[in-house]
Amino acid sequence: MSQSSFDRLCLLAGGLVLAAAFVAAAISHDAFSTFFGREDSPVENLTALVLFSAGAMLIVRTLAKRGEWAVHAVALGVLYGAVYIWAGGEEISWGQRLLGFETPEFFAENNDQGEFTIHNLVVGGVKLDESLFGPILSIVILTYLVVLPLMWRRFAWVKRLASTLSVPVPGRHHALYALAVTLIIPLLGESRRWEVYECIFALLSMGIFVNPANHLWYSPDAARAKGEDTGQAVGALL
């Protein structure tokens, strides 16, 4: 399967998840909760699986570029992958409910859900899931998905920066997709609708990582043959 075909498959899967969420919500609140809203629901587990897979794929592809990319570029690519694997673990509380282990004392005392996760910690009376992992993270994600693709095509310095930081740049179709989903999700009348958004974001990320606009996984010559001016190529940063 080509990279672009896999990308389209990820977006299609995200669209199907969104459609299924609206259907379940239309049937009943209980139907939505069973498949989307409760802990360890099928969609929550799918989100974790895709996040794990996206992170692992990013790490494997980045390590394959050793000797071609600069050391710092490889380190950053591995870091991005590790963040996605961490997010996948957080999504399912690192398997706590599946494995049945007790919450460590620190987390039991400082986690607003009493579970083994970092994003639910309360620090100095501030809930991280409502501050750092709430609006701030949302702004960062939307900037990456919507603003970066627009700026990357218009400004040479953005292309150079993305290459220096080995960032997989979303394509215009990714940006439009992310914007459309962001506008549609609030129409879903369920308090746990953001679980759907997280799953779609994970699938969208996988599509971006496999088929980024800056052709990150091609050699500089191959990227140019694709018709893209990618700025300073990552492989030239040795």
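All of these numbers come straight from a predicted model, not from anything done at the bench.
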Peer 1: Out of curiosity, R8 CZ to L12 CG, how far, rounded to the nearest 0.5 Å?
Peer 2: 10.5 Å
Peer 1: Without hydrogens or angle criteria, can the side chains of T182 and Y197 be said to hold a donor-acceptor pair below 3.5 Å?
Peer 2: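 A donor-acceptor contact under 3.5 Å links the two side chains.
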Peer 1: Ignoring hydrogens and angles, state whether a donor on the side chain of S93 or R97 is under 3.5 Å from an acceptor on the partner side chain.
Peer 2: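 Side-chain D/A pair, S93 to R97: present.
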Peer 1: Search all heavy atoms of Q96 against all heavy atoms of F116 and return the closest pair with its distance.
Peer 2: OE1-N, 2.9 Å
Peer 1: Do S163 and R160 meet the criterion of a side-chain donor-acceptor pair at a distance under 3.5 Å?
Peer 2: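 No - no donor-acceptor pair under 3.5 Å links their side chains.
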Peer 1: Do the ring centers of Y84 and F209 come within less than 6.0 Å of each other?
Peer 2: yes
Peer 1: May I have the list of side-chain donor-acceptor pairs in residues 42-54 shorter than 3.5 Å, sequence neighbours left out?
Peer 2:
from	atom 1	to	atom 2	distance (Å)
E44	OE1	D40	N	2.5
N45	ND2	D40	O	3.3
N45	ND2	S41	O	3.4
T47	OG1	V43	O	2.8
S53	OG	L49	O	2.8

Peer 1: Does some side-chain heavy atom of E195 sit less than 4.5 Å from a side-chain heavy atom of E91?
Peer 2: yes
Peer 1: A quick test of your reading: do over 12 heavy atoms of other residues, nucleotides or ligands sit less than 6.0 Å from CZ of R172?
Peer 2: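 Count not over threshold, so no.
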Peer 1: Can you find a side-chain donor-acceptor pair between E90 and W94 that sits under 3.5 Å?
Peer 2: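 Yes - a donor-acceptor pair under 3.5 Å links their side chains.
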Peer 1: What I'd like to find out is whether the side chain of L121 reaches to under 4.5 Å of the side chain of F106, using heavy atoms alone.
Peer 2: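 Side chain of L121 against side chain of F106, heavy atoms only: contact under 4.5 Å found.
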Peer 1: D7 pairs by side chain to side chain contact (heavy atoms under 4.5 Å, CB included) with which of I208, L204, N211?
Peer 2: N211
Peer 1: Could you tell me if N111 and T117 have a donor-acceptor pair between their side chains, going purely by distance under 3.5 Å?
Peer 2: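 Short answer, yes.
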Peer 1: Grab the two heavy atoms, one from L148 and one from P170, that are nearest each other, plus how far apart they are.
Peer 2: CD2-CD, 4.1 Å
Peer 1: Does a sphere of radius 6.0 Å around CZ in F201 hold more than 12 heavy atoms from other residues, nucleotides or ligands, not counting ones at 6.0 Å or beyond?
Peer 2: yes
Peer 1: Under the salt bridge (charged side-chain N to carboxylate O under 4.0 Å, His left out) criterion, do E68 and K65 qualify, and how do the steps go?
Peer 2: CA-CA 5 Å; E68 182 179 342; K65 288 293 183 177; 3.4 Å; yes
Peer 1: Please tell me if the side chains of K159 and M151 come closer than 4.5 Å, counting only heavy atoms from C-beta onward.
Peer 2: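 Heavy-atom side-chain distance check fails, nothing below 4.5 Å.
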Peer 1: What closest approach, in Å, do V17 and F36 show between heavy atoms, and which atom pair accounts for it?
Peer 2: O-CE2, 3.8 Å
Peer 1: Measuring only between side-chain heavy atoms, which start at C-beta, is I59 closer than 4.5 Å to Y80?
Peer 2: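 The answer is no; the side chains never approach within 4.5 Å.
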Peer 1: Compare all side-chain heavy atoms of L128 with those of N120 and state whether any distance is below 4.5 angstrom.
Peer 2: no
Peer 1: Can you name the closest pair of heavy atoms from R193 and E190 and give their distance?
Peer 2: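 Minimum heavy-atom separation between R193 and E190: NH1-O, 2.9 Å.
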Peer 1: Would you list the atom pairs, donor with acceptor, under 3.5 Å between side chains in residues 136-147 and any protein atom, with sequence neighbours excluded?
Peer 2:
from	atom 1	to	atom 2	distance (Å)
S138	OG	G134	O	2.9
T143	OG1	I139	O	2.7
Y144	OH	P168	O	2.5

Peer 1: Mind checking whether F155 and L161 sit in one hydrophobic cluster, side chains of I, L, V, M, F, W, Y counted as touching below 4.5 Å?
Peer 2: yes
Peer 1: Using atom types as modelled and distance alone, determine if a side-chain donor or acceptor of H174 lies under 3.5 Å from a backbone N or O of V169.
Peer 2: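 It does not hold such a pair.
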